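Here is the structure we will look at.
Lettering follows sequence order; numbering is per chain, from 1. As the structure is a computational prediction, the values presented were derived from the model and not from experiment.
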Amino acid sequence: MKETMIAKLTAAFAPESLEVEDESHKHAGHSGARPGGQTHFRVSMTSAAFVGTSRIERHRLVNAVLADELNDRVHALALTLNVPAVPVEDGSNQKKLYAI
Amino acid sequence: MLDETLRQRIDQEVGGNDVVLFMKGTPVFPQCGFSATVVQVLSHLGVKFKGINVLEDPAIRDGIKEYSSWPTIPQLYVKGEFVGGCDIIREMFETGELTQMLNTHGVEARPAA
């Protein structure tokens, strides 16, 4: 499951960074948990694909790519979605973040 | 399936209350960590809200996902508008945007500080 998610997210967003963590063990005994785990995931991803999108839009983009998994056994999907830091020509010589 | 009756029920909840949280469990006894986080944030900001326990109502539990095309619970609505789930609410709380958004919509909220 984790490998499928990484493959789909990589193909869809060409992320600068991507981490997918299976946190199912933390939810053992919870109503959405199943034997064998793979039900609760945390995704942290930085991608230029999110530039200019709202938080809700970013989540919707990711939820759409992982729709099959959400309809299958993935019960919880925690998302931290960011845009890459880019150098800004303002003389400060510091990296700044895109505005959301 | 989100039939017309169910949509109207959700419309009434969302439209009839300034701040509505569709959650698992109740504000006093959340039964899911993600729902508990949103309750904590709202309580911290002193925001009055109505909690709707989707575990008590399977129709709402499925219907609310279709209502906003959002696959997970919790879901927060302010003045009829979908704001987001746990991650979004937490991020907005941390940046102060949540208080700002609530105030803009005429909902009292303490500064995050």
Side-chain angles (χ1 to χ4, degrees), chain A residues 1 5 8-9 18-34 37-47 50 53-83 85 96-100, chain B residues 1-2 14 22-26 29-38 40-41 53-58 60-62 64-102 104-105:
Chain A
M1 182 66 77
M5 291 168 70
K8 285 190 175 180
L9 293 171
L18 170 62
E19 273 180 62
V20 177
E21 199 183 335
D22 185 343
E23 297 189 324
S24 306
H25 59 283
K26 294 185 187 172
H27 301 269
H30 179 273
S31 62
R34 292 196 207 179
Q38 305 198 79
T39 52
H40 292 66
F41 288 88
R42 176 171 295 278
V43 173
S44 305
M45 178 161 57
T46 300
S47 167
F50 298 138
T53 61
S54 71
R55 287 195 174 87
I56 289 181
E57 286 165 349
R58 287 175 201 184
H59 280 242
R60 285 200 201 283
L61 290 170
V62 172
N63 289 337
V65 168
L66 299 180
D68 289 345
E69 286 68 27
L70 282 161
N71 280 327
D72 185 13
R73 61 184 295 144
V74 175
H75 168 81
L77 188 61
L79 301 175
T80 306
L81 309 172
N82 292 302
V83 295
K96 292 200 175 164
L97 295 174
Y98 282 108
I100 291 167
Chain B
M1 254 305 277
L2 185 57
V14 167
F22 291 85
M23 61 179 291
K24 293 182 179 176
T26 64
F29 186 55
Q31 294 185 57
C32 158
F34 302 105
S35 290
T37 298
V38 178
Q40 264 182 352
V41 165
N53 183 3
V54 303
L55 296 178
E56 282 182 350
D57 196 329
I60 292 270
R61 181 178 182 170
D62 287 335
I64 195 65
K65 295 179 182 177
E66 211 172 314
Y67 186 79
S68 284
S69 308
W70 196 261
T72 50
I73 288 158
Q75 294 185 16
L76 183 70
Y77 294 79
V78 173
K79 296 270 180 169
E81 198 180 307
F82 175 57
V83 182
C86 175
D87 298 314
I88 288 178
I89 302 305
R90 205 190 49 244
E91 284 172 18
M92 289 179 72
F93 167 66
E94 285 166 357
T95 61
E97 285 166 79
L98 187 59
T99 304
Q100 205 180 350
M101 183 274 291
L102 287 163
T104 306
H105 284 79

Does a side-chain N-to-carboxylate-O contact under 4.0 Å join A:R55 and B:E97?
yes
Answer with side chain, backbone, both or neither: which region of A:L70 has an atom nearer than 4.5 Å to a non-hydrogen atom of chain B?
side chain
Need one label for B:F34: side chain, backbone, both or neither, based on atoms under 4.5 Å from any heavy atom in chain A.
side chain
A quick test of your reading: do over 12 heavy atoms of other residues, nucleotides or ligands sit less than 6.0 Å from CD of A:E19?
no
Would you name the heavy atoms of B:V83 and A:I56 that are closest together and state the gap between them?
O-CD1, 3.2 Å
Can you tell which part of B:T37 gets under 4.5 Å to a heavy atom of chain A, answering side chain, backbone, both or neither?
neither
Looking only at heavy atoms, which two atoms of B:D87 and A:L79 are closest? And how far apart?
OD2-N, 2.6 Å
